[in-house]
Participant: 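Attaching a single structure in structure tokens format; questions to follow.
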Amino acid sequence: MYRAPRGMQDILPDDQPEWHYLLDRCADIAKRYGYRRIDTPIVESTDVFLRGVGETTDVVEKEMYTFLDKGENSLTLRPEFTAAICRAYLEHGMASWPQPVRLYSIGPLFRYDRPQAGRYRQFHQFNVEAIGEADPTVDAEVIDMAGLLYEELGIPRTSLLVNSIGDEACRPSYVAALRDYFARHLGDLCADCRGRLERNPLRLLDCKNSVCQRIGDDAPRSVDWLCDACASHFATLSRYLDRLGRPWQVDHRLVRGLDYYTRTVFEYQPHDVGGQSTIGGGGRYDGLIAQLGGRPTPGIGFATGLERILLNLKKAGFEAPPPARPVAYVVAIGEETAADAVALAATLRRRGIPTAGPVGGRGVKGQMRQANASGARYAVILGPDELAAGEAQLKPLQGGEPRMVPLWRIADALTADT
RNA sequence: GUGGGCGUAGCCGAGUGGUCAAGGCGCCAGAUUGUGGCUCUGGAGAUCGAGGGUUCGAACCCCUCCGUCCACCCCA
């Protein structure tokens, strides 16, 4: 028996109401903040992610679905949105639009990872980017939008962690200081961290190993190494965040795993932590557009995992909106009425009435069971007697008396009740 | 990539070496002839994840693979 690929799943009809509820909430929030939707291809040239996300990141090194198409071009199933959106920004000359360009996307991403709670190989994100503005007002805007989304969805007790990791001017010296510091504790570090020391010292900060954590407690803090411009940016953002009234805290160990981040980085975490503690996060990427071949252009973005939102909503006792149900279910009695029943159902649908049935080859009882199971409000029953009289029986399925209605008025009767 | 738990009908789930593998949900049908929901009755549906091995005999023991869940790693 065939199954969906590992770590990927079908979104079944019963799952659709909650799924679409979520999509709608995201789209609504984005709209309220003035963000417009963009959809990009699910595959991109591999280079977009190689150069955008960073060649030494885990995402690029071991998690990408990369393949050669028949023209020998290397393509990759997008593992994240930001690099792809920036590619679109450049390709379509969005630098000539009013800045910042505010965009959002919703769709599937792919990462070849070992699946576990809240982590899948195909997963979905709501993603937001504001490209072309370096001012911290935009940082505050994006951070606030994410917070409001969680608030309105009713995810209880998320905490907002923020940090600033500097830019190309000040980060190198900070990284050097960090490397020096950890090098002095080399013997006590876990094996992973010893490896990370050379390649990406920032990552030592969020190692889960308790010994490494204790060493990290006294490590140099990025906020102490910021250049004047970065320090001022962070100070201003801090004022804005305080003024917004949403609780937040600086997390000196927050660094995030993608290379393009500069200055502001942030994460939202539900308190009720399982294995996957981050529900959403993002940050500034002032060097990314240039990295992809454009003129230097600042940007900031945010992404949240829809599956993780759902995970948290369900833990909080979230109930999905009720599924869509037909208004009418047409029941045909006997072979000779089947054609007229099919035509009657077709007529109702043309009149805009959601209609299911008829299904032949079953008894009346069987069809009535179907009608009931469909959740339809009315059974429209057509038998030889009704047909002869030019009418059909309209039977309310949630209580009430059946009545006879002329065939030509059935749509009106149903519409009047809708 | 590493470690651990688990894999019995569409779903849940008993059964841990020996009759034709329980039960529940769901599905289909019937309970006097053309009417659902409750109840009752009946039926269909399982090569017990796959392959190999041990044994007179395996769903139950062993091995391999696959899948799944959880954790590490990483991240959403």
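Below, each value reflects all heavy atoms present in this structure, side chains not excepted, and no hydrogens, waters or symmetry copies. Sequence lines set the chain letters: A, B, ... in the order given, protein chains first and strands last, and positions in each chain run from 1. All figures in this text were calculated on a predicted structure; none of them were measured in a lab.
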Participant: Within the structure, does a side-chain N or O atom of A:Q116 lie under 4.0 Å from either OP1 or OP2 of B:rA71?
Facilitator: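 Checking B:rA71 against A:Q116, a side-chain N or O does come within under 4.0 Å of OP1 or OP2.
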Participant: Taking donor-acceptor contacts at under 3.5 Å, does the side chain of A:R114 reach the base of B:rG3?
Facilitator: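 By the distance-only test, yes, there is a pair.
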Participant: Is a donor-acceptor pair below 3.5 Å formed from side chain A:E63 to base B:rG1, judging by atom type as modelled?
Facilitator: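 Per atom types, no contact qualifies.
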Participant: A:L387 CG to B:rG34 P: how many Å, rounded?
Facilitator: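 That distance rounds to 18 Å.
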Participant: Would you indicate whether the side-chain heavy atoms of A:L23 and A:H124 approach each other to under 4.5 Å?
Facilitator: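 Not touching, per the 4.5 Å side-chain cut-off.
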Participant: Any donor-acceptor pair under 3.5 Å linking the side-chain atoms of A:E129 with those of A:T82?
Facilitator: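 Yes, side-chain donor-acceptor contact under 3.5 Å.
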Participant: For B:rU32, which nucleotide in any strand shown is its Watson-Crick or wobble partner with both distances under 3.5 Å?
Facilitator: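 Because no pair has both required distances under 3.5 Å, B:rU32 counts as unpaired.
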Participant: So what does A:D385 hit on the nucleic acid, given a heavy-atom distance under 4.0 Å: a base, only sugar-phosphate, or nothing?
Facilitator: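 Contact class for A:D385: base.
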Participant: Using Watson-Crick or G-U wobble geometry with both distances under 3.5 Å, which nucleotide pairs with B:rG67?
Facilitator: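 B:rC6 - that is the nucleotide pairing with B:rG67, both distances being under 3.5 Å.
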Participant: Where the side chain of A:F123 is concerned, which of B:rC70, B:rG34, B:rA76 is the nearest nucleotide?
Facilitator: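 That would be B:rA76.
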Participant: B:rC38 and B:rA29: how far apart are their P atoms, nearest whole angstrom?
Facilitator: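 Their P atoms lie roughly 15 Å apart.
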Participant: Should A:V255 and A:V265 count as side-chain neighbours, where that means a heavy-atom distance under 4.5 Å?
Facilitator: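 Heavy-atom side-chain distance check fails, nothing below 4.5 Å.
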Participant: Please report, rounded to the nearest Å, how far the P atom of B:rC11 is from the CG atom of A:D14.
Facilitator: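 My rounded result for the distance is 14 Å.
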Participant: Considering every strand shown, what is the Watson-Crick or G-U wobble mate of B:rA76 when both distances are under 3.5 Å?
Facilitator: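 Pairing partner: none.
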Participant: Using the C1' atom as the point on both nucleotides, what is the distance between B:rC73 and B:rG13, in whole Å?
Facilitator: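 Nearest-Å result for B:rG13 against B:rC73 at atom C1': 35 Å.
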Participant: Assign each of A:M8 and A:R203 to its nearest nucleotide of RNA chain B by heavy atoms, then name whichever residue's nucleotide is nearer the 5' end.
Facilitator: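 This one resolves to A:M8.
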Participant: Given that both distances must come in under 3.5 Å, which nucleotide forms a Watson-Crick or G-U wobble pair with B:rG18?
Facilitator: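 Base-paired to B:rC56.
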Participant: Could you check whether the side chain of A:R3 and the base of B:rC66 have a donor-acceptor pair of N or O atoms closer than 3.5 Å, going by distance alone?
Facilitator: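 Not at all, since no donor on one side and acceptor on the other fall under 3.5 Å apart.
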Participant: Rounded to whole Å, please give me the gap between CD in A:E307 and P in B:rA76.
Facilitator: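 Distance, rounded to whole Å: 13 Å.
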Participant: Distance check, C1' atoms only: B:rG43 and B:rA76, in whole angstrom units.
Facilitator: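 The same atom, C1', in both gives a distance of 48 Å.
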Participant: A:D39: which residues meet the salt bridge (charged side-chain N to carboxylate O under 4.0 Å, His left out) condition with it, sequence neighbours left out?
Facilitator: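 Checked A:D39 against salt bridge (charged side-chain N to carboxylate O under 4.0 Å, His left out); matches are A:R37.
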Participant: Taking for each residue the nucleotide of RNA chain B bearing the nearest heavy atom, is the 5' side occupied by A:G280 or by A:E386?
Facilitator: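 On the 5' side of the pair lies A:E386.
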Participant: Report yes if a donor N or O on one partner sits less than 3.5 Å from an acceptor N or O on the other, where the partners are the side chain of A:N372 and the base of B:rG37; otherwise report no.
Facilitator: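 No pair found.
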Participant: Please classify the nucleic acid contact of A:Y120 as base, sugar-phosphate, or nothing, using heavy-atom distances under 4.0 Å.
Facilitator: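 Contact class for A:Y120: base.
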Participant: B:rA71 P sits how many Å from A:R119 CZ, rounded?
Facilitator: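 Taking atom P of B:rA71 as the reference, CZ of A:R119 is at 9 Å.
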Participant: Once you round it to whole Å, what is the distance between P of B:rA76 and OH of A:Y112?
Facilitator: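 Between P of B:rA76 and OH of A:Y112: 20 Å.
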Participant: Only counting residues at least two apart or in another chain, list the ones meeting side chain to side chain donor-acceptor pair (under 3.5 Å) with A:H20.
Facilitator: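 Side chain to side chain donor-acceptor pair (under 3.5 Å) check on A:H20 returns A:Q16.
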Participant: Take the protein atom CD of A:Q398 and the nucleotide atom P of B:rG37, then report the distance between them rounded to whole Å.
Facilitator: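 The answer, rounded to whole Å, is 14 Å.
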Participant: Can you tell which of A:D340, A:L344, A:I333 makes a side-chain contact (heavy atoms from CB on, under 4.5 Å) with A:L387?
Facilitator: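 Considering A:D340, A:L344, A:I333, a side-chain contact (heavy atoms from CB on, under 4.5 Å) with A:L387 is found only for A:D340.
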Participant: Nearest whole Å is fine: how far is B:rC11 C1' from A:L12 CG?
Facilitator: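 So the two atoms are 12 Å apart, to the nearest Å.
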Participant: For nucleotides 27-31 of chain B, which of its nitrogen or oxygen atoms have a protein nitrogen or oxygen under 3.5 Å away, and what is each distance?
Facilitator:
| unit_1 | atom_1 | unit_2 | atom_2 | d |
| --- | --- | --- | --- | --- |
| B:rC28 | OP1 | A:R362 | NH1 | 3.2 |
| B:rC28 | OP1 | A:Q370 | NE2 | 2.4 |

Participant: Given the rule in the salt bridge (charged side-chain N to carboxylate O under 4.0 Å, His left out) test, do A:D180 and A:R184 qualify, once you have shown the distances and angles that lead to the verdict?
Facilitator: CA-CA 6 Å; A:D180 282 352; A:R184 287 200 296 277; 5.7 Å; no
Participant: When the C1' atoms of B:rC27 and B:rA9 are compared, how many Å lie between them, rounded to an integer?
Facilitator: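 Per the computed distance, 12 Å lies between those C1' atoms.
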Participant: Using only side-chain N and O atoms of A:R6, determine if any of them is under 4.0 Å from OP1 or OP2 of B:rU68.
Facilitator: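 Yes.
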Participant: Side chains of A:Y150 and A:T304: do they bring a donor and an acceptor to under 3.5 Å?
Facilitator: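 A donor-acceptor contact under 3.5 Å links the two side chains.
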Participant: What's A:G282 touching, base or sugar-phosphate or nothing? Going by heavy atoms closer than 4.0 Å.
Facilitator: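 It contacts nothing in the nucleic acid.
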Participant: Between B:rC48 and B:rU19, how far apart are the two P atoms, rounded to whole Å?
Facilitator: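 After rounding to an integer number of Å, I get 16 Å for this pair.
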Participant: Could you work out the separation of B:rG7 and B:rG15 based on their P atoms and round it to a whole Å?
Facilitator: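 Their P atoms lie roughly 12 Å apart.
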Participant: Work out how far the C1' atom of B:rA59 is from that of B:rC6, and round it to whole angstrom.
Facilitator: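 My reading of the C1' atoms in B:rA59 and B:rC6 gives 15 Å.
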Participant: Applying a 4.0 Å non-hydrogen cut-off, can you work out what A:D58 is touching in the nucleic acid: base, sugar-phosphate, or nothing?
Facilitator: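 Sugar-phosphate, backbone atoms only, no base.
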Participant: What do you reckon, is CZ of A:R350 surrounded by more than 12 foreign heavy atoms closer than 6.0 Å?
Facilitator: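 12 or below, so no.
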Participant: Who does B:rG43 pair with, Watson-Crick or G-U, both distances under 3.5 Å?
Facilitator: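 Pairing partner, where one exists within any strand: B:rC27.
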Participant: C1' atom, B:rG10 versus B:rG5: distance in rounded Å?
Facilitator: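 Nearest-Å result for B:rG10 against B:rG5 at atom C1': 25 Å.
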Participant: Parallel, tilted or perpendicular: which describes the rings of A:Y174 and A:W225, with under 30° parallel and over 60° perpendicular?
Facilitator: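 Because their plane-to-plane angle lies in the 30° to 60° range, the rings of A:Y174 and A:W225 count as tilted.
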Participant: In whole angstrom, what separates A:M368's CE from B:rG36's P?
Facilitator: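 That distance rounds to 7 Å.
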